[in-house]
Structure formats: C-alpha cells, structure tokens
Amino acid sequence: MKKITALKITAVILTAVMVLGLFCGCKSEKSNEKNDGKLKIISTIFPPYDFARQVGGDKIDLSMLLKPGMESHNFEPSPKDIVNIQECDLFIYVGGESDEWVKTILESNDKKPKKIIALTECVDTVEEATVEGMTAGEEENEEGDEKEYDEHVWTSPKNAITITKKISSAMQELDPGNKSIYEANTNKYAKELTNLDNKFREVTENAKTKTMIFGDRFPFRYFADEYGLGYFAAFPGCSAETEPSAATISFLIEKTKEKKIPVVFKIEFSNGKVAQTIADASGAKVLQMHSCHNVDADSMKNGVTYISLMEENLKNLKEALS
C-alpha cells in the first residue's frame, strides 16, 4: 500500500502550525463577508463530492480538494486547503492509510469542521487482498501481519447509498431549515442508485463468466464482493507499483486465455500499457473500468456524475463477462 511518508507528515504538521496563524484571521473576515447562509462542504475526492451535490443542490457551497485529473494517492494539502478544511461545516474524506494527513491536520489546531465524515467508517470494510498472480510492492512485503483495509468503499452502489444517507443526515443536522429538501433529494437519489445496483445485478447474474482481468491496480474489491465476481489483477488497489513482474504478466495472459475472457480492463488515468500487453498476447480487447475516485477537467466541466461513470462501467462489464 502507498503510504504518506514521515517527511510529508512532518511538512503538514509544520504547515498547519505555522501557516494557520497567518491565514485564519483574514480568512475568517472574508468568510463573514461572503456568508450566504449555505453549508460549506469540502470533499477530498469525487464520489462523496457528487453524493453531496445530489443531496444539496444549490443549497450548499461545495468544493473538492482533489484537482481534476489528479491521482488521489499523490495528494498533499496546500496551506489554503488546511484553512478551508478547518473552517468548513462538513468535511468528507475517505479514511485509511492514504488519508493519514487528515488526522494530522485535525489534531494540529483546535479549530475543526463542525462535522466530519470518513467513508471507511460509514460501511463495513475488508482487508486489502493480494490475490494469486499479483505483483506485491516492497511495502506490501515489509508489512507482514499488519492489517491494511481497502479504502475504495464507494465502488459498490449499495455502499454509495449508505454513504449518501450519512452525508444527508449530517447536512440535515447542520441545516434543519432545508431538511425537507435534503430528504427529498436523498430519497430520489437512493432510488437512482438502487436502479443502478439492479442493473449490475442483472448483468452479473446472467454472465457467461464471472471473472474480471485487470492489467492494472484493482480498486474494485467492494464491487466484486457485492456481485459475486472473481478477479485477477496486476496490483492491489492502492499499490504504488507501476511495473508488474514478468511472472505477473505471464500469469494474467494465461488466465485470460484459459478462461476465454474477451476484455482486459485498465483504470482511469492509466497509460494502459500493461493491459494492452495482456490483450495483445491473449486476443482480448482493452476497456476501462472507472473507479470514480476522480475525473478529468473536461468531464467535470461537462457535469459527469458517479452514476454516469458507473453506467459506462456497466456497459463495459457486460462485454467483459459475455
């Protein structure tokens, strides 16, 4: 698993302690000037950003820390980010090893968001698995018996419903004047997510094969568990590795041939080279499965949503399992 290094943690601590004193006073004045009564909500990544957007609509002031096109595992907060987090009403983050910096920021100053939601505390989590054939990085090998939990809880639409309802409850407590609006939006969105879940269930229950091949990281553990799918992949979900071993590539090629799997998946922001190598050697084609952790600038501008991304995944999965 990729972890925030001790150097990065130290830098965040120093930034929080030394810079907050310089920025907080003037920031508060500006916040008061622009206070329009809307809840100020900050999400680290795209899925909870979109969940909050579906619930709050124009009743909230919503922002996302991760810039479009950026990998979440490489994120480091800026001084401005730190100030904004500590002054917001609701802060939503993933939790787990990749978000250790959040704990540091929240513990570095008395000023905190009114409410904080960690996605990994909203649903049951599972340990990150290194399945047969995967290339384990140095950190995975060094950790031994230390438990690491898969952070990609939002990839299951069922979990997305639970998380959305948690976000909605927090918004209703913070802003009771708009409670009925939040409730109505939540109920509507939950129905849309249930419909999405039913579509995935129909595809997977009628699939010719129930195995996915990923020539990439595998951030879909909760998705696979929800729909009873098996998988083989080059790396675990949060691996920092980019080059799989020759043994891993050979293994994935043989599994693709053996099971006559027509599609090898890559994930968003991947160059797709490993997936293409496997596909070329096995006669399969390469398609994308989007984990939804972030989107590119054009997609954000065009109003892409969690559901629209998952609908594209549904189409590609149907082809892969045929």
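- Side chain of Y222 to main chain of D150: a donor-acceptor pair is present (N/O by atom type, distance under 3.5 Å, no hydrogens or angles).
- A salt bridge is absent between E205 and K210: the closest approach of a Lys/Arg side-chain nitrogen to an acidic carboxylate oxygen does not fall below 4.0 angstrom.
- The minimum heavy-atom distance linking I167 with I117 is given by the pair CA-CD1, 3.8 Å.
- Looking only at side-chain heavy atoms (C-beta outward), I213 and V263 stay at 4.5 Å or farther from each other.
- When side chains are defined from C-beta on, F75 counts as touching M70, because their heavy atoms get closer than 4.5 Å.
- For the pair T248 (side chain) and A234 (backbone), a donor-acceptor distance under 3.5 Å is absent.
- Remark: the backbone N or O of P236 is not paired with any side-chain donor or acceptor of R221 at under 3.5 angstrom.
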**Request:** Start with the C-alpha distance between T162 and N159, add both sets of side-chain angles, then the distance that settles side-chain hydrogen bond (donor to acceptor under 3.5 Å, both in side chains), and finish with yes or no.
**Result:** CA-CA 5 Å; T162 301; N159 282 353; 5.2 Å; no
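- Salt-bridge formation is not detected for the pair D216/K266: no Lys NZ or Arg NE/NH1/NH2 atom is positioned less than 4.0 Å from an Asp or Glu carboxylate oxygen.
- A donor-acceptor distance shorter than 3.5 angstrom exists from the side chain of N185 to the backbone of V55, with no hydrogens or angles considered.
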**Message:** Set out, in order, the CA-CA distance, both residues' side-chain angles and the distance that settles side chain to side chain contact (heavy atoms under 4.5 Å, CB included) for L39 and K59, then state yes or no.
**Reply:** CA-CA 7 Å; L39 286 182; K59 299 299 180 185; over 6 Å; no
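- With hydrogens and angles left out, the side-chain atoms of T194 and D197 include no donor and acceptor closer than 3.5 Å.
- No donor-acceptor distance shorter than 3.5 angstrom exists from the side chain of D81 to the backbone of P77, with no hydrogens or angles considered.
- Minimum heavy-atom separation, S168 to T186: OG-OG1, 2.7 Å.
- Within the 4.5 Å cutoff, no side-chain heavy atoms of I42 are placed close to those of L90.
- Note that CG of N84 and OG of S78 are 7.5 Å apart. Values are rounded to the nearest 0.5 Å.
- Contact record, A190 with K165: CB-CE, 4.4 Å, taken as the closest heavy-atom pair.
- For Q276 and D280, the side-chain atoms include at least one donor-acceptor pair closer than 3.5 Å.
- Placement of V304 and Y189 within a single hydrophobic cluster is found when ILVMFWY residues are connected by side-chain heavy-atom separations under 4.5 Å, directly or transitively.
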Just distance, no hydrogens or angles: give the donor-acceptor pairs under 3.5 Å from side chains in residues 176-183, sequence neighbours left out.
unit_1	atom_1	unit_2	atom_2	d
N178	ND2	D175	OD2	2.8
Y182	OH	D175	OD2	2.6

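- In this structure, the side chains of P157 and M310 come closer than 4.5 Å at one or more pairs of heavy atoms.
- Counting non-hydrogen atoms of neighbouring residues, nucleotides and ligands closer than 6.0 angstrom, the CD atom of E71 exceeds 12 such neighbours.
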**Request:** Applying side chain to side chain contact (heavy atoms under 4.5 Å, CB included), run through T305 and L309 and close with a yes or a no.
**Result:** CA-CA 6 Å; T305 66; L309 291 172; over 6 Å; no
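- When all heavy atoms are compared, the tightest approach of A224 to M212 is CB-CE, 4.1 Å.
- Judged by distance alone, with hydrogens and angles left aside, the side-chain atoms of T135 form no donor-acceptor pair with the main-chain N or O of P244 at under 3.5 Å.
- Taking 4.5 Å as the limit, every side-chain heavy atom of E128 sits out of range of all side-chain heavy atoms of Y149.
- Within the 4.5 Å cutoff, the side chain of E268 has heavy atoms near those of the S291 side chain.
- For the atom pair NE2 (H290) and CD (E312), the distance works out to 10.0 Å, reported to the nearest 0.5 Å.
- A donor-acceptor pair under 3.5 Å is formed between the side chain of S108 and the backbone N or O of I105.
- With hydrogens and angles left out, the side-chain atoms of N302 and S299 include no donor and acceptor closer than 3.5 Å.
- A distance of 5.0 Å separates CD in E319 from CG in L287, rounded to the nearest 0.5 Å.
- No donor-acceptor distance shorter than 3.5 angstrom exists from the side chain of N195 to the backbone of K191, with no hydrogens or angles considered.
- Relative ring orientation between Y306 and F51 is described as perpendicular, the plane-to-plane angle rising above 60° on a 0-90° scale split at 30° and 60°.
- Checked by atom type and distance alone, the side chain of T277 pairs as donor or acceptor with a backbone atom of K273 at under 3.5 Å.
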**Request:** Could you go through the side chain to side chain contact (heavy atoms under 4.5 Å, CB included) check for F91 and T44 one step at a time?
**Result:** CA-CA 8 Å; F91 177 58; T44 53; 3.7 Å; yes
**Request:** Give the C-alpha distance, both sets of side-chain angles, the deciding distance and a yes or no for side chain to side chain contact (heavy atoms under 4.5 Å, CB included) between V264 and K285.
**Result:** CA-CA 6 Å; V264 176; K285 67 188 290 188; over 6 Å; no
**Request:** In sequence, state the C-alpha distance, the side-chain angles, and the governing distance for D50 and Q54, and then conclude on side-chain hydrogen bond (donor to acceptor under 3.5 Å, both in side chains).
**Result:** CA-CA 6 Å; D50 191 41; Q54 302 303 325; 3.0 Å; yes
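- One hydrophobic cluster, built from ILVMFWY side chains closer than 4.5 Å, cannot hold both V286 and L317; they sit in different ones.
- Heavy atoms only, all atoms of each residue included: L62 and A52 are closest at CD1-CB, 4.0 Å.
- Going from atom OG1 of T155 over to atom CE of M289 covers 8.5 Å, rounded to the nearest 0.5 Å.
- A distance of 13.0 Å separates OG1 of T125 from NE2 of H152, quoted to the nearest 0.5 Å.
- Salt-bridge annotation for D298 and K301: absent, with no side-chain N of the basic residue lying under 4.0 Å from a carboxylate O of the acidic one.
- Relative orientation of the F223 and F220 rings is perpendicular, given thresholds of 30° and 60° on the angle between their planes.
- Aromatic pair W154/F46: centroids not less than 6.0 angstrom apart.
- Between E311 and K315 there is no salt bridge, since none of the side-chain N atoms of the basic residue sits less than 4.0 Å from a carboxylate O of the acidic one.
- Annotation for A320 and T209: closest pair O-CG2, 3.8 Å, computed over non-hydrogen atoms.
- Heavy-atom contacts from other residues, nucleotides or ligands closer than 6.0 Å to NZ of K255 number more than 12.
- Annotation: ring-ring contact (aromatic ring centres under 6.0 Å, His included) contacts involving residues 254-275, sequence neighbours excluded, comprise F214-F265, F269-H293.
- For residues 114-124, the pairs satisfying side-chain hydrogen bond (donor to acceptor under 3.5 Å, both in side chains) are D89-K114, K115-E173, with sequence neighbours left out.
- Here the OG-CG distance, from S282 to L252, works out to 9.5 Å after rounding to the nearest 0.5 Å.
- Side-chain contact check for P113 versus I116: some heavy-atom pair is nearer than 4.5 Å.
- Between E87 and K111, some side-chain heavy-atom pair lies under the 4.5 Å cut-off.
- Side-chain atoms of E151 come within 3.5 Å of backbone N or O of E97 as a donor-acceptor pair.
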